[in-house]
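In what follows, every heavy atom counts, from backbone to side chain, and hydrogens, waters and symmetry copies are set aside.
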Amino acid sequence: GPGLRVVAITGPNMGGKTVTLKSVGLAALMARAGLFLPCSGTPRLPWCALVLADIGDEQSLQQSLSTFSGHIRRIARILEALPDPGGAASDWGEGRGAALVLLDEVGAGTDPLEGSALATALLKHLADRARLTIATTHFGELKALKYADPRFENASVAFDVDTLSPTYRLQWGIPGRSNALAIARRLGLGEPVLEL
């Protein structure tokens with residue numbers, strides 16, 4: 001919808017959240033290049049002159065970057081690249097400066113309370129600055145943003161717990177579960193640990 005600004009995608013590890021981010025980014029770039037999208041039906045994407053992403057882990061001993069600091073460094077560059085929100089709405093909302101921001105595991109790699117608070121503030125800020133932000137997360141607090149602000153929406157990736165495999169289906173409007181214990185059990189983590 002035209003008022004949608006932020007989508008929080010939740011669901012299990014190995015469930016396809018990052019694949020979803022990469023697919024949306026690729027589709028936005030394909031649309032910009034005038035290519036047909038490999039989708040069924042009639043796909044609708046907002047025009048995004050900028051596609052900005054923080055996907056993956058940028059740890060580096062040489063640069064003294066932890067998982068968290070690597071993410072923060074890239075997010076800071078994303079914020080710097082966004083058009084000035086003080087400009088005309090057409091410069092950042094729908095026009096030449098409209099941005100698609102993709103954030104993988106936003107706020108991860110630090111204390112969960114601080115990470116969640118930082119991720120909430122960041123997504124609220126991006127709701128004012130970017131045309132569309134899609135963020136993957138395991139934080140329950142981000143799922144609740146939709147209930148306080150109509151610019152936010154939840155989505156989740158469907159997951160087959162029996163086979164530990166993603167279905168690559170996005171469930172719109174439904175927050176997902178991490179299924180961490182089921183996945184840990186299926187990957188061989190011992191029952192003595194899981195029973196504690």
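- The pair R5-D128 fails the salt-bridge criterion, with no side-chain N (NZ, NE, NH1 or NH2) lying under 4.0 Å from an Asp/Glu carboxylate O.
- Contact annotation: the side chain of L103 never approaches that of L21 to less than 4.5 Å [non-hydrogen atoms, C-beta and beyond].
- Here the CZ-OG distance, from R169 to S156, works out to 13.0 Å after rounding to the nearest 0.5 Å.
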- Intermediate values then yes/no, side chain to side chain contact (heavy atoms under 4.5 Å, CB included), L52 and L82: CA-CA 9 Å; L52 306 166; L82 289 173; 3.8 Å; yes

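- To the nearest 0.5 Å, atoms CG (L123) and CD1 (I134) are separated by 11.5 Å.
- No side-chain donor-acceptor contact under 3.5 Å links K17 to the backbone of I9.
- A pairwise comparison of heavy atoms in E114 and D111 identifies N-OD1, 3.0 Å as the closest pair.
- Here the CZ-CG distance, from R73 to D54, works out to 12.5 Å after rounding to the nearest 0.5 Å.
- For the atom pair NE2 of H71 and CD1 of I55, the computed distance is 10.5 Å after rounding to the nearest 0.5 Å.
- Of all the heavy atoms in C48 and L100, the pair that sits closest is SG-CB, 3.6 Å.
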- Message: Set out, in order, the CA-CA distance, both residues' side-chain angles and the distance that settles side chain to side chain contact (heavy atoms under 4.5 Å, CB included) for R32 and V51, then state yes or no.
- Response: CA-CA 10 Å; R32 280 182 39 194; V51 177; 4.2 Å; yes

- Query: Going through the distances and angles, do E141 and S116 end up as a side chain to side chain donor-acceptor pair (under 3.5 Å)?
  - Reply: CA-CA 7 Å; E141 295 83 354; S116 177; 3.1 Å; yes

- Please lay out, stage by stage, how L79 and L126 fare under the test side chain to side chain contact (heavy atoms under 4.5 Å, CB included). CA-CA 8 Å; L79 294 178; L126 286 168; 3.7 Å; yes

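- Between V7 and W172, the closest side-chain pair of non-hydrogen atoms falls below 4.5 Å.
- No donor-acceptor pair under 3.5 Å is formed between the side chain of T110 and the backbone N or O of G115.
- Follow the hydrophobic side-chain contacts under 4.5 Å out from V24 and you never reach Y168; the two are in separate clusters.
- Side-chain atoms of K124 and F152, non-hydrogen and from C-beta on, do get closer than 4.5 Å to each other.
- Note that NZ of K143 and CD of E153 are 13.5 Å apart. Values are rounded to the nearest 0.5 Å.
- Of all heavy-atom pairs between T167 and A158, the closest is OG1-CB, 3.0 Å.
- Across all their heavy atoms, L194 and A184 have their closest contact at CD2-CB, 4.1 Å.
- Residue D104 forms a side chain to side chain donor-acceptor pair (under 3.5 Å) with just one option from T20, T136, T137, and that option is T136.
- No side-chain donor-acceptor contact under 3.5 Å links R185 to the backbone of E191.
- By the criterion of side-chain heavy atoms lying less than 4.5 angstrom apart, applied directly or through intervening Ile, Leu, Val, Met, Phe, Trp or Tyr residues, V193 is not grouped with L187; the two fall into different hydrophobic clusters.
- Once rounded to the nearest 0.5 Å, the distance linking OH of Y147 with CG of N154 reads 5.5 Å.
- Of all heavy-atom pairs between P12 and F159, the closest is CG-CG, 3.3 Å.
- Side-chain contact between F36 and M30 is absent, with no heavy-atom pair separated by less than 4.5 Å.
- Side chains of V19 and K22 form no contact here, defined as non-hydrogen atoms less than 4.5 Å apart.
- Placement of L26 and L35 within a single hydrophobic cluster is found when ILVMFWY residues are connected by side-chain heavy-atom separations under 4.5 Å, directly or transitively.
- Between L170 and V157 the shortest side-chain heavy-atom distance falls below 4.5 Å.
- In terms of modelled atom types and a separation under 3.5 Å, the side chain of D160 and the main chain of S165 share no donor-acceptor contact.
- Nearest heavy-atom pair across G16 and P166 is N-CB, 4.1 Å.
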